[in-house]
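Proteins come first, then strands; the chains are lettered A, B, ... in the order of their sequence lines, and each starts at number 1.
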There are 4 protein chains.
Amino acid sequence: MKLSEKKILKKKEEILLSAITIVNRKGYDGATMEEIAAELLMTKGSLYYYFKNKGDLMYQCHNLVLSQATKELEVNLNEEGTAEEILRKMVVTHINYAIEEKETFNLIIEPRQMFNEEQIEPVLKLRKHYSSLFDNVIEKGIATGEFHAKEPIIVRMIVLGAMNWIQQWYKPTGRMTKEELEQYFADYIIKLLK
Amino acid sequence: MKLSEKKILKKKEEILLSAITIVNRKGYDGATMEEIAAELLMTKGSLYYYFKNKGDLMYQCHNLVLSQATKELEVNLNEEGTAEEILRKMVVTHINYAIEEKETFNLIIEPRQMFNEEQIEPVLKLRKHYSSLFDNVIEKGIATGEFHAKEPIIVRMIVLGAMNWIQQWYKPTGRMTKEELEQYFADYIIKLLK
Amino acid sequence: MKLSEKKILKKKEEILLSAITIVNRKGYDGATMEEIAAELLMTKGSLYYYFKNKGDLMYQCHNLVLSQATKELEVNLNEEGTAEEILRKMVVTHINYAIEEKETFNLIIEPRQMFNEEQIEPVLKLRKHYSSLFDNVIEKGIATGEFHAKEPIIVRMIVLGAMNWIQQWYKPTGRMTKEELEQYFADYIIKLLK
Amino acid sequence: MKLSEKKILKKKEEILLSAITIVNRKGYDGATMEEIAAELLMTKGSLYYYFKNKGDLMYQCHNLVLSQATKELEVNLNEEGTAEEILRKMVVTHINYAIEEKETFNLIIEPRQMFNEEQIEPVLKLRKHYSSLFDNVIEKGIATGEFHAKEPIIVRMIVLGAMNWIQQWYKPTGRMTKEELEQYFADYIIKLLK
DNA sequence: AATGAATGAGGGTTCATTCAT
DNA sequence: TATGAATGAACCCTCATTCAT
């Protein structure tokens, strides 16, 4: 890769990070190209040098966040430990993303509404892969006898839904710390699987 | 109430139902006044005879759906039966709304992003009330010894989150029928509370 | 004239008075048919039974106020007294209208901008007639030797302009009472003519 | 100041001049953004690159004209000569604006009706300053003994009103030339002050 | 690689006007 | 006579997008 290409990639990421910030605050529709550019002391015209259009930028925001979360989850999965220990780590990872990256990590957003035809497939694939990591650990637990589940898929959906929902009501100033919350969630999730 | 007022109320509801359809399909931002009006063979100007502005209309869509769901839940709560029986009914009610009224029932939508200052308070109040109905049944079960929960609030959040999440992946053509799904969900939720 | 016609005329005047109030407060463009009707506990549709359209209503507002002022001025003119005494009375009359009926009496409003082709002629005629009443008294004074003026028309314009301007800065709570103001104005106007 | 800033300022002024033309012809309410843009062979969207909204543009039209007139008046004031000579020049300046810039120079327009809260204060300040320049010359004349006035403020108001009124009836094709008119007006105004 | 400037489509909103009842 | 309801044209404004420089 040439130096100039590297530079472009770096700039792209800068823009993405800025865009993610704005989108987390204002939502996909509420975020404007102008505002995203302003955050970086650029003009909106320049964004089009790096991204084809707004849809593309939004898509890559979602992708970046989701990919990062996926990577962390994969790290969790490959660490030593019982299925329960791994699952607990994954819960912490997911909840952190759900809280810190609100909108861009928001898996509830209807992709067919937000993204165009080319983008839908990769998004769905990524989401499916992300979900499957939870399936992995559940299956592993079942295999080792740690977990029991009549319908593991349903359990995974309950787990994901419950965790995504946190962003709706979590407040840093609330009664519980994030850590306590994660603890409780993990406990209940394990309970579902025992 | 005068006849004319009844008529206007009826028309308002007609519009709301139409708007709810559109919003469920396209989201709050994606829905246009023009499209909503067209669905009713009206012109968008006419909508302003019944609603102050788009924000007002969107707000009332959300309110209507949420109020209806609340009413059904309250009926469930007042019926005879054990806490478990009641909770199972409530789960069915909620899941039905989550699936059928996707966007307008979407409790995840950030109200501070979508609604204006006057609207936020009633929305939050309504949502809080809705959630509290689940608290009621959980507490009732704990009182009768049917349920056990160290942190009932957390359980309620897990329950709500899990159910709201369904709209994300449920497909009528899927492997399970809606009824089976409801059954499984209820089972797992009860398990959390035993 | 039939009774029903009389009734219509009476209602028309009611509407006009209401409209005049609104227009004085909000200006011709700022006044809406809805607001005018609301003041009378009517609906805007009803206004069209009495007036062809908004332009017509606005036109008649202006006409009514101007005609009333004209009548009062004519009364002044026909009273006994020296030209100076008459002119002083007319100044009082005019200033009262300028202050109390702000917008509708506003002779500065460009008629070609506000009124349509049919309306312009009568408006201009009325305004011209109104102005001529001041010419009358000035000429009368010149004839009796009370007044002197090289260009009586110019004087009349100065007089009218000065008086119309009052509405711009007059405040009921100001340093001078309306009566003092009228006194001073009259003094200076007489001075112009001596 | 950077070159780009200069350029933008120049364009802004171009737009303002165009807008002033339209407003003088159609009034503030009658002027549309579309028409203003069309005059410059632009699209209305482009206007929003230079002005926040229509209110802002209208406000700046008024401001520009009033500021220019103020500057000219100040030049008049600082020239050599007796108070009478200065006042005569000022009368000429004012009458020219009143005739040439009709609507935008129209000091009669009720600011509270036309402008928003932020704009009102500067407008009133500017108008007050403009008026005060006439006070200055009157006071100067009184100080030197050239003029006499029991209530100089009233005189100033008569003067301003009389001059603003001109735009109402002046026609280039009339009996008198603009110059004769200015001459007569000045004569009468001086007479008021002697 | 970035920008300034312009565009144009589209959306929300207002409001005078109409018309059946 | 009066109204309720609907219309549609006109307007302001936003914003993603383009393109010459």
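Rounded to whole Å, atom P of E/dG10 lies 12 Å from atom NZ of B/Lys26. To the nearest angstrom, C1' of E/dA16 lies 15 Å from CG of C/Asn116. One atom, CE of A/Met33, and another, C1' of E/dG4, lie 16 Å apart when rounded to the nearest Å. If you take CD1 of D/Ile8 and P of E/dG4, they are 9 Å apart, rounded to a whole angstrom. Per the geometry, CZ belonging to B/Phe51 stands 15 Å off P belonging to E/dT14, to the nearest Å. Taking atom OH of C/Tyr28 as the reference point, atom P of E/dC15 lies 18 Å away to the nearest angstrom. Here F/dC11 presents its C1' atom at 15 Å from CD1 of D/Ile22, a figure rounded to the nearest Å. As rounded to whole Å, 14 Å separates atom P of F/dA16 from atom CG of A/Asp56.
Residue D/Tyr49 places at least one side-chain N or O under 4.0 Å from the OP1 or OP2 atom of E/dA5. For E/dA5, neither phosphate oxygen OP1 nor OP2 lies less than 4.0 angstrom from any side-chain nitrogen or oxygen of D/Tyr50. A sub-4.0 Å separation between OP1 or OP2 of F/dA6 and a side-chain N or O of B/Lys11 is present.
When the nucleotides F/dC12, E/dC15, E/dG8 are ranked by their closest atom to the side chain of D/Thr43, E/dG8 comes out on top. Comparing E/dT18, F/dT7, F/dC12 by their nearest atom to the side chain of B/Met42 picks out F/dT7. Taking every side-chain heavy atom of D/Tyr48 into account, F/dC13 is the closest of F/dC13, F/dT17, F/dA16. Counting only heavy atoms from C-beta on, D/Thr32 has its side chain closest to F/dC11 among F/dT17, F/dC11, E/dT13.
Remark: E/dT21 base-pairs with F/dA2; criterion is Watson-Crick or G-U wobble with both hydrogen-bond distances under 3.5 Å. Within the shown strands, F/dT7 is the pairing partner of E/dA16 under the Watson-Crick or G-U definition, both distances less than 3.5 Å.
Nearest-nucleotide assignment on DNA chain F puts the 5′-proximal partner with D/Gly30, out of D/Gly30 and A/Asn53. Nearest-nucleotide positions on DNA chain E place D/Leu41 closer to the 5' end than the other of D/Leu41 and C/Ala31. Nearer the 5' end of DNA chain F, as judged by each residue's closest nucleotide, is the contact made by C/Leu47, out of C/Leu47 and D/Gly55.
Residues A/Ile120 and A/Pro111 approach most closely at CG1-O, 4.1 Å, considering heavy atoms.
C/Ser46 comes within 4.0 angstrom of a nucleotide base, judged by non-hydrogen atoms across all strands. Contacts of A/Ala37 with the nucleic acid, taken as non-hydrogen atoms under 4.0 Å apart, are absent. Using a 4.0 Å heavy-atom cutoff across all strands shown, D/Lys44 reaches at least one base atom of the nucleic acid.
Screening A/Gln167, A/Lys102, A/Glu101 against A/Asn24 for a side-chain hydrogen bond (donor to acceptor under 3.5 Å, both in side chains) leaves a single residue, A/Glu101. Applying the salt bridge (charged side-chain N to carboxylate O under 4.0 Å, His left out) test between A/Lys26 and each of A/Glu103, A/Glu34, A/Glu35 identifies A/Glu35 as the sole match.
Although no hydrogens or angles enter the test, the distance criterion places a donor-acceptor pair under 3.5 Å between the side chain of B/Gln119 and the main chain of B/Asn116.
In summary, the side chains of B/Ser46 and B/Thr43 do present a donor paired with an acceptor at a separation below 3.5 Å, with no hydrogens or angles considered.
Classification of the A/Phe115-A/Tyr28 ring pair by plane angle, with boundaries at 30° and 60°, yields perpendicular.
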